[in-house]
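Just so you know, ligand 1 is whichever comes first in the structure, and atom 1 is the first atom listed for that ligand. Every value quoted in this text rests on a predicted model; they were computed, and no experiment measured them.
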Amino acid sequence: MSPSLFSFSPPKVWNMLGLGTLKEWLSNNSKRWLWVILVLAACLGVYSRFFTLKLNITTPGPELQKRIDVPLLTPWLAPIVWDGTFDKDILNEQFQDRNVTIGLTLFAIKKYVVFLKLFLETAEKYFMVGYKVNYYVFTDRPADVPKIPLQQGRKVITLVVQNYARWQDISMHRMEMISNFSHQHFFQEVDYLACMDVDMKFSDHLGVEILSSLFGTLHPGYYRAQPKSFSYERRPQSQAYIPKGKGDFYYAGGFFGGTVQQVYEMTKACHEAMLIDKKNNIEAVWHDESHLNKYLFLHKPTKVLSPEYLWDEQLLGRPAFLRKLRYVAVPKNHAEIRNK
Ligand code: UD2
């Protein structure tokens, strides 16, 4: 070791610490430094092993392993929900104490009634298991709503509504119907609402981790895209307009929710925006989904669900970061099913 390094520490300090002899021993032979470093490294190894053991005792089990492969927070600090970011047991303790009831709205109008059976059967297996659930089935074909055995505390409530000639109108009028039925049913009957597409099925746990004041779901086609490439409505004449360069995420029209109050406000605002568009002879590029995106751009959701909560495996495969697929598209033949 070069003497200049030794001269860096004042000799007085060595002596004060009673390390004068050690200093001398070291300065005699540079290889001795190597030994000191090796001994220190060994000590550090033992220490860190002990520390890791201690950490293992205090950190939660495998279900809660840190995710470093995906974004976990929005820029306004709302959680983005992925597998590994929540502990089911802790959340169940919190929500079961509050005795919550969850309403699930789904629309099965015209031929879309064919999707009800699989949707409800899989929901009974995976959706809010152990909780009170009201399935609100909006349909023009009440006789075709299948009878599915339900767990205790869960029921299907059929709401008869009109149909529309165009599938786009059916999709868009969901906003109107949800807001209209809020006062007749939802405010009195449930705490939270989940509003979902029917041409889907559940394939893994989907529980109270989604519940929050207002939540939206990342669209599976855009979860990694830059805002400039989102398929927002770009025409300033539409109420759904979001200028290029603005926006946070692209949310899917097929799964959103929150407290009844928040969902009521959101669906009412989207419906009113669509009425203005209609008066101005413009229809947003992705219908209700465009208006949902505008609303969630202006009113930031308090929780964002990752694409685990809405996925299309046939279209997008199964990337490694998706540890779970909870709610997935059922293949459908558009020509056979739409406008029928
Ligand atoms: C996407 C969105 C959808 C909506 C739509 C707007 C997802 C998964 N889906 O779906 O929520 O925003 O774009 O363009 O994000 N329906 C009927 N009968 C019909 C037609 C539709 O009941 O004849 C209902 C049904 O609940 C269906 C929903 O409306 O799930 C949306 O229609 P879609 O699934 O055909 O629209 P899609 O796949 O373009």
Side-chain angles (χ1 to χ4, degrees), residues 104-120 122-123 135-142 144-146 158-178 181 193-203 206 215-223 230-233 238 240 249-257 263 266-267 270-271 273-274 277 282-296 304-316 325-340:
L104 193 167
T105 65
L106 71 160
F107 289 73
I109 294 176
K110 300 204 283 195
K111 221 173 177 184
Y112 278 60
V113 286
V114 297
F115 295 111
L116 276 172
K117 188 169 183 289
L118 183 64
F119 183 101
L120 290 168
T122 54
Y135 298 102
Y136 295 102
V137 179
F138 292 76
T139 186
D140 59 333
R141 299 181 183 179
D144 292 343
V145 176
T158 304
L159 304 170
V160 181
V161 291
Q162 74 170 97
N163 63 35
Y164 292 86
R166 295 166 66 235
W167 70 267
Q168 297 90 332
D169 284 322
I170 294 176
S171 187
M172 288 193 287
H173 276 284
R174 292 182 298 171
M175 295 291 190
E176 178 190 19
M177 295 185 207
I178 293 169
F181 277 84
L193 281 173
C195 307
M196 308 179 85
D197 272 13
V198 74
D199 48 339
M200 307 281 293
K201 66 175 182 183
F202 297 85
S203 55
L206 200 161
F215 67 84
T217 307
L218 297 182
H219 193 289
Y222 294 95
Y223 62 93
F230 291 163
S231 61
Y232 290 148
E233 173 56 61
S238 168
F249 299 106
Y250 191 79
Y251 302 97
F255 190 9
F256 59 86
V263 173
M266 176 162 73
T267 50
C270 288
H271 171 55
M274 288 187 271
D277 271 9
I282 189 162
E283 186 172 276
V285 59
W286 288 110
H287 322 106
D288 46 294
E289 189 172 83
S290 304
H291 290 278
L292 174 81
N293 272 280
K294 177 67 178 280
Y295 188 89
L296 293 178
V304 172
L305 309 183
S306 70
E308 288 172 16
Y309 290 84
L310 202 162
W311 193 253
D312 188 330
E313 203 172 358
Q314 217 189 23
L315 222 62
L316 302 161
L325 294 183
R326 303 174 192 278
Y327 175 58
V328 295
V330 172
K332 73 173 186 268
N333 179 338
H334 285 126
E336 248 179 43
I337 207 85
R338 275 182 170 161
N339 303 327
K340 300 283 161 78

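For Asp169, the side-chain hydrogen bond (donor to acceptor under 3.5 Å, both in side chains) test picks out Arg166, with sequence neighbours left out.
Checking only distances, Met200 never comes within under 3.5 Å of ligand 1, N or O to N or O. When only interatomic distances are considered, the shortest N/O to N/O separation between Met196 and ligand 1 does not fall below 3.5 Å.
In this comparison of Thr217, Asp197, Asp288, the heavy atom closest to atom 2 (C) of ligand 1 sits on Asp197. Nearest-residue assignment for atom 1 (C) of ligand 1 (options Glu289, Lys110, Arg141, His291; heavy-atom criterion): Glu289. Here the shortest heavy-atom distance to atom 15 (O) of ligand 1, taken over Gly254, Pro220, Ala165, belongs to Gly254.
Looking at His287 against ligand 1, only its side chain comes within 4.0 Å, counting heavy atoms. Residue Ala108 touches ligand 1 through its backbone alone, judged by heavy-atom distances below 4.0 Å. Neither the backbone nor the side chain of Leu292 has a heavy atom within less than 4.0 Å of ligand 1. With a heavy-atom cut-off of 4.0 Å, Phe107 touches ligand 1 through backbone and side chain alike. Contact annotation for Met172 and ligand 1: no heavy atom of the residue comes within less than 4.0 Å of the ligand. Of all the heavy atoms of Val198, the ones lying under 4.0 Å from any atom of ligand 1 are found in both the backbone and the side chain.
The aromatic ring centroids of His219 and Trp286 lie 6.0 Å or more from each other.
Using modelled atom types and a 3.5 Å distance limit, the side chains of Tyr223 and Ser306 yield no donor-acceptor pair. A side-chain N or O of Glu289 and one of Tyr250 form a donor-acceptor pair less than 3.5 Å apart.
Residue His173 holds its NE2 atom at 14.0 Å from CZ of Phe138, rounded to the nearest 0.5 Å. Atom CD1 of Ile109 sits about 6.5 Å away from atom OG1 of Thr139, to the nearest 0.5 Å. Interatomic distance, OH of Tyr251 versus OG1 of Thr217, reported as 10.0 Å (0.5 Å rounding). Between the OH atom of Tyr136 and the CZ atom of Phe181 there is a distance of 11.0 Å, given to the nearest 0.5 Å.
By the 4.0 Å N-to-carboxylate-O rule, Lys110 lies too far from Asp140 to be salt-bridged with it.
At least one heavy atom of Arg174 sits closer than 4.0 Å to an atom of ligand 1. Distances from ligand 1 to the non-hydrogen atoms of Leu106 include no value under 4.0 Å. In this structure, Lys332 has a heavy atom closer than 4.0 Å to ligand 1.
Which parts of ligand 1 touch Ser171 is read off a 4.0 Å heavy-atom cut-off, strictly below it: atoms 4 (C), 5 (C), 6 (C), 31 (C).
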Under the side chain to side chain donor-acceptor pair (under 3.5 Å) rule, what do Ser231 and Tyr222 come out as? Steps first, then yes or no, please.
CA-CA 9 Å; Ser231 61; Tyr222 294 95; 3.2 Å; yes
